[in-house]
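Report on one structure; see the data block that follows.
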There are 2 protein chains.
Amino acid sequence: MQNKKQRIAAMCAILAKNPNKLYSLKFFQEMFGAAKSSLSEDAAVIKRVFSDMGIGRVETVAGAHGGIRYVPQMPANVRMLLVKELTEKMRDTSRILPGGYMYIADLFCTPYYVDGMAQIMAEWFVGAKADFIVTVETKGIPLAMSVARILNLPLAIARRESKLTDGSVFSINYLSGSSRRLQTMSLSKRMIKEETRALVIDDFIAGGGTVKAICDMLAEFSIEVVGVGAAIVNRYPQKKRINGYKAIFELEELSETKIEISAC
Amino acid sequence: MQNKKQRIAAMCAILAKNPNKLYSLKFFQEMFGAAKSSLSEDAAVIKRVFSDMGIGRVETVAGAHGGIRYVPQMPANVRMLLVKELTEKMRDTSRILPGGYMYIADLFCTPYYVDGMAQIMAEWFVGAKADFIVTVETKGIPLAMSVARILNLPLAIARRESKLTDGSVFSINYLSGSSRRLQTMSLSKRMIKEETRALVIDDFIAGGGTVKAICDMLAEFSIEVVGVGAAIVNRYPQKKRINGYKAIFELEELSETKIEISAC
């Protein structure tokens, strides 16, 4: 019914819109009424183009439950430009707020930046075989959700204050690394399954206290943390409460007059 | 350098990954080193395929700042299946929580459901010419961000409790429609620009008090609310504090033993 060009256009759109989702060749056979051999040829063309453009791998999974899957990547030059643009934006001293804080909420709410940072993080952890992503409300939610979308995994959101609509929650009290204030974090019991693998995504790591608290809470459920990723990590304190995290940017200095931040 | 098949594959991937973003033909010319006439032909093939599959329009914008743009749509049969699946999931009585609440946080954190609901909402409002999306933390954030992504607009998140990292905030106190409790909501001043157009996206509308509070707050900045969309609206109270909202599902009954919900 459809010619090769049209099949390729359709397959590309479906794969690009649904990263890390496995599609059986049978799915495309039924969609296009084409022979399996033609579809394999189409998939080979797409694989080659995506690889040449640096926008990702098209993986073939063999076997009865096999198929093809699109694992997105960001071309090296695009990543470089994105990181440069974000660094410049974050260095803007108009972002300095009283009390040694910086305003960055806008960057974590703009799809282009959020999806770009999420793509960088997804590439770090695509091999980690996580079962779900976990983050703490609020500012990191869009970023964590974008990572979840790219890796095709569910997200669990830990809350500062649990709501009636969470059902039974598991809570932990901890000292936040920066302010040494007692904080509470809750995770809905329905959100998590025992003995699974979690990937922790957050917008900012200062002392690591919040991430440490998540890890401690997950450990109670025999959930293994297979990765920790943050968009920004504060250089100080240099000794964090957690190890082995990855970050895109390091905040080196933040005073009332200056922001020094650079790519890690 | 690349043949027609390859160019089409590449253009489809770029368009599908970046909904509602305008790409000049010059952008593709530089990418592929192809003639403008060839690229126009390629765009026509893609337009036809996307339209035949029901996955969206490829719009051509004329003029010096023109180009092509992908406006995604969900095929009618896919939408029907998604709404049916979600309805069945939400009717599951194991979701009933003490006090007449239901647990639905999982559905609002699963990319497939979130992106599906967001796509339905994006189609309602794609013509509304909004400048940004606004939502209230926490549960609706992934949904609102997904709508923002599809419409290629920034998101502003109103908070229950403002943080130091928000900078100056504008706050409003209001009575929530359901619990008649005094609530506070804050929006960072840096997040919004006067005399723009906002689209309000929320996961759940009960009495409409929260959305009304957002609208009142935005009105103070001469921001026009050009649409209000929710995933679920409660049938009661039938008289809401706002008018003209759209919802995907209506929650008809929620008791300790029964959930009745259906597509609007």
Side-chain angles (χ1 to χ4, degrees), chain A residues 2 4-18 21 31 45-46 48-50 52-53 55-56 70 72 97-99 101-106 109-112 114-115 137-139 141-142 145-146 148-149 152-157 159-161 163-167 188 190-191, chain B residues 2 4-18 21 31 45-46 48-50 52-53 55-56 70 72 97-99 101-106 109-112 114-115 137-139 141-142 145-146 148-149 152-157 159-161 163-167 188 190-191:
Chain A
Q2 284 177 306
K4 199 165 200 63
K5 272 194 316 245
Q6 292 166 329
R7 282 199 314 265
I8 287 176
M11 282 170 78
C12 276
I14 291 168
L15 292 172
K17 283 164 84 99
N18 300 283
K21 180 163 173 178
M31 177 172 276
V45 170
I46 296 171
R48 172 77 192 282
V49 171
F50 283 13
D52 286 353
M53 291 177 65
I55 61 167
Y70 169 49
L97 297 171
Y101 290 91
M102 71 190 278
Y103 176 76
I104 42 168
D106 57 332
C109 278
T110 304
Y112 172 71
V114 171
D115 290 348
E137 65 181 359
T138 298
K139 211 156 68 232
I141 297 176
M145 189 63 192
S146 184
R149 186 182 172 275
N152 192 26
L153 296 173
L155 172 71
I157 299 172
R159 294 176 162 236
R160 300 294 187 180
E161 200 188 338
K163 295 279 159 80
L164 278 163
T165 49
D166 289 335
S188 166
R190 292 175 184 237
M191 272 275 180
Chain B
Q2 284 177 305
K4 200 168 199 65
K5 272 194 315 246
Q6 292 166 330
R7 281 200 314 266
I8 287 176
M11 283 170 78
C12 277
I14 291 167
L15 292 171
K17 282 164 85 97
N18 299 284
K21 180 164 173 178
M31 178 172 276
V45 170
I46 296 172
R48 170 80 191 282
V49 170
F50 284 14
D52 286 352
M53 290 176 66
I55 61 167
Y70 169 49
L97 297 172
Y101 290 90
M102 70 191 277
Y103 176 76
I104 41 168
D106 57 331
C109 278
T110 303
Y112 171 72
V114 171
D115 289 348
E137 64 181 0
T138 296
K139 212 157 65 230
I141 296 176
M145 189 64 193
S146 184
R149 188 183 170 274
N152 192 26
L153 296 173
L155 172 71
I157 300 172
R159 291 175 163 238
R160 299 295 186 179
E161 199 188 341
K163 294 280 159 80
L164 278 163
T165 49
D166 289 335
S188 167
R190 294 178 183 233
M191 272 277 181

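Lettering of chains follows the sequences in order, A, B, ..., and the numbering in each one begins at 1. In what follows, every heavy atom counts, from backbone to side chain, and hydrogens, waters and symmetry copies are set aside. From a predicted model like this one, the values you see are computed outputs, not experimental measurements.
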Considering all heavy atoms, the nearest [X]-[Y] contact:
X	Y	result
Y103(A)	T165(B)	CD1-O, 3.6 Å
F50(B)	A9(A)	CE1-O, 4.1 Å
T110(A)	M145(B)	C-CE, 4.0 Å

Below 4.5 Å from any heavy atom of chain A, which atoms of [X] appear? Answer side chain, backbone, both or neither.
X	result
S188(B)	side chain
I8(B)	side chain
L15(B)	neither

What distance do [X] atom [atom1] and [Y] atom [atom2] have between them, rounded to the nearest 0.5 Å?
X	Y	atom1	atom2	answer
K5(A)	C12(B)	NZ	SG	12.0 Å
R190(B)	D106(A)	CZ	CG	8.5 Å
K21(B)	Y112(A)	NZ	OH	6.0 Å

[X] vs [Y] side-chain heavy atoms within contact, under 4.5 Å:
X	Y	result
E137(A)	K139(B)	no
R149(A)	S146(B)	no
I157(A)	C109(B)	yes

Original post:
Just wondering, are more than 12 heavy atoms of other shown residues or ligands nearer than 6.0 Å to CZ in R48(A)?
Top reply: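 Count not over threshold, so no.
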
Against chain B, label [X] side chain, backbone, both or neither, depending on which of its atoms sit under 4.5 Å from a heavy atom there.
X	value
M191(A)	both
L97(A)	side chain
D115(A)	side chain

